[in-house]
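Just below is one structure, and these are the notes that go with it.
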Amino acid sequence: MKITVVQQNIIWNNVRANLRHMEKLFSGAPKSDIYLFPEMCSTGFSLKPQGMAEKVNGETVERMLGWAAKYDAAFAGSVMTVDDEGHYYNRMYFVRPDGVVQHYDKCNLFVYSGEDKVYTPGKDKVIWEFRGARIRPAVCYDIRFPIFLYNRNEYDILLVSAAFPTSRMLAWDTLIRARAIENLCYVAASNRVGVDEWGDYCGHSVIINPYGQKVGGCRSHSQGTTTVELDWELMTNLRNRSLF
């Protein structure tokens, strides 16, 4: 299985421009099974979702469905979403080439920014299965909760969409690596670059193997992609020598 992580600068509240830019970035990468985007990839992160949030399976998901069919791959990323009752979600979608749309709502909202006052937290642990892999989604602040992401031999890949600022890169680099080591899994993590009202972002988007080794990564402060073919034998051998 190949995964491509996309590291992008997000244009503030311009869904169509972001979608065009996202396709330009990932279409230049090697053909992959999964393409992963950052948190709120089509709008940028905001605590004022009124007028910005998309309806469930809105424009971003529709475009992802088109990409999934065209490129025969799955597309994942967090999207600012509002349901028919007016509840807002930081929702990570997983859009498959067979037309199935799955999602995960961010459970651990960033209380220090007030995200929990605006968005409704998810309640359920989610595992997706795709092309023989078991996939656990997480969004940004989720990675600070090791018990929440504890792997009881339930998943093989942790997909992370994030908007982690430059000021907290030491935490980002450490936590991503720790989640791979303790869960004996691959971690593919997409973090944005650029500047918004919250500060600046330098990326550090990576793919980490179950030993905690970086096997793919994007350049700091630069837009781009990284693609890795996962080594299932490496993971299986490690797990056979562990508690799994």
Side-chain angles (χ1 to χ4, degrees), residues 1-7 25-38 64 67-77 92-98 100 102 104 125-140 142-162 164 172-191 203-220 224-244:
M1 171 172 284
K2 286 186 178 180
I3 295 180
T4 291
V5 170
V6 179
Q7 181 168 286
L25 285 171
F26 78 74
S27 63
K31 179 175 172 52
S32 298
D33 297 285
I34 299 173
Y35 296 87
L36 175 65
F37 302 108
M64 286 182 175
W67 294 339
K70 178 180 179 181
Y71 295 97
D72 188 31
F75 288 81
M92 186 173 178
Y93 285 99
F94 190 77
V95 181
R96 304 160 54 107
D98 59 5
V100 173
Q102 298 169 288
Y104 158 74
K125 176 173 69 177
V126 173
I127 305 289
W128 300 319
E129 293 191 11
F130 183 66
R131 294 182 177 171
R134 300 169 300 170
I135 300 164
R136 177 85 188 261
V139 178
C140 205
D142 280 332
I143 66 169
R144 287 184 176 270
F145 297 86
I147 301 303
F148 173 71
L149 293 174
Y150 184 71
N151 188 7
R152 297 173 176 82
N153 197 15
E154 298 162 302
Y155 65 91
D156 310 304
I157 305 167
L158 179 65
L159 292 184
V160 183
S161 287
F164 243 76
W172 166 263
D173 294 338
T174 303
L175 293 166
I176 290 295
R177 182 162 293 175
R179 299 297 84 85
I181 294 169
E182 68 198 10
N183 292 306
L184 302 178
C185 70
Y186 280 93
V187 176
S190 174
N191 191 41
H204 286 212
S205 300
V206 292
I207 300 176
I208 305 289
N209 73 16
Y211 282 98
Q213 298 165 329
K214 178 180 174 180
V215 291
C218 298
R219 293 175 56 191
S220 294
T225 63
T226 185
T227 301
V228 170
E229 183 168 5
L230 307 188
D231 186 342
W232 293 119
E233 184 177 1
L234 176 148
M235 183 172 64
T236 300
N237 289 341
L238 177 60
R239 288 181 171 187
N240 285 342
R241 298 196 302 271
S242 73
L243 297 177
F244 272 16

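Any value given below was found using the heavy atoms of this structure, including those in side chains, with hydrogens, waters and symmetry copies removed.
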Does Arg136 count as lying over the ring of Phe148, i.e. NZ or CZ under 6.0 Å from the six-ring centre, within 45 degrees of the axis?
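Here Arg136 passes the 6.0 Å and 45° test against Phe148.
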
Could you state the interatomic distance from [atom1] ([X]) to [atom2] ([Y]), rounded to the nearest 0.5 Å?
X	Y	atom1	atom2	result
Leu36	Asn191	CG	CG	10.5 Å
Ser27	Trp67	OG	CH2	9.5 Å
Tyr150	Lys125	OH	NZ	11.0 Å
Leu184	Glu182	CG	CD	9.5 Å
Asp72	Arg96	CG	CZ	11.5 Å

Are the side chains of [X] and [Y] in touch, meaning some heavy atoms are under 4.5 Å apart?
X	Y	result
Arg134	Asn153	yes
Arg177	Lys214	yes
Phe26	Phe75	yes
Ile135	Ile34	yes
Met1	Tyr186	no
Phe94	Leu159	yes
Ile3	Leu230	yes
Ser161	Phe37	no

Look at Lys2 together with Asp33 and state whether they make a salt bridge at an N to O cut-off of under 4.0 Å.
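Here Lys2 does not pair with Asp33 in a salt bridge, since their nearest N and O are not under 4.0 Å apart.
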
Are the charged groups of Asp156 and Arg131 less than 4.0 angstrom apart, N to O?
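No, this pair does not count.
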
side-chain contact (heavy atoms from CB on, under 4.5 Å) with Gln213: which residues, sequence neighbours excluded?
Asn209, Tyr211

Of all residues at least two apart in sequence or in a different chain, which pass the side-chain contact (heavy atoms from CB on, under 4.5 Å) check with Ala138?
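Ala138: side-chain contact (heavy atoms from CB on, under 4.5 Å) contacts with Asp142, Leu149, Leu158, Val160.
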
Please check: side-chain N/O of [X] versus main-chain N/O of [Y], any donor-acceptor pairing under 3.5 Å?
X	Y	value
Asn183	Asn151	yes
Ser190	Ala188	no
Gln7	Ser205	yes

Side chain to side chain contact (heavy atoms under 4.5 Å, CB included) between Met92 and Cys140: does it pass, once the steps are laid out?
CA-CA 11 Å; Met92 186 173 178; Cys140 205; over 6 Å; no

Sequence neighbours left out, what pairs pass side chain to side chain donor-acceptor pair (under 3.5 Å) with at least one residue falling in residues 226-238?
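Non-adjacent pairs meeting side chain to side chain donor-acceptor pair (under 3.5 Å): Thr4-Thr227.
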
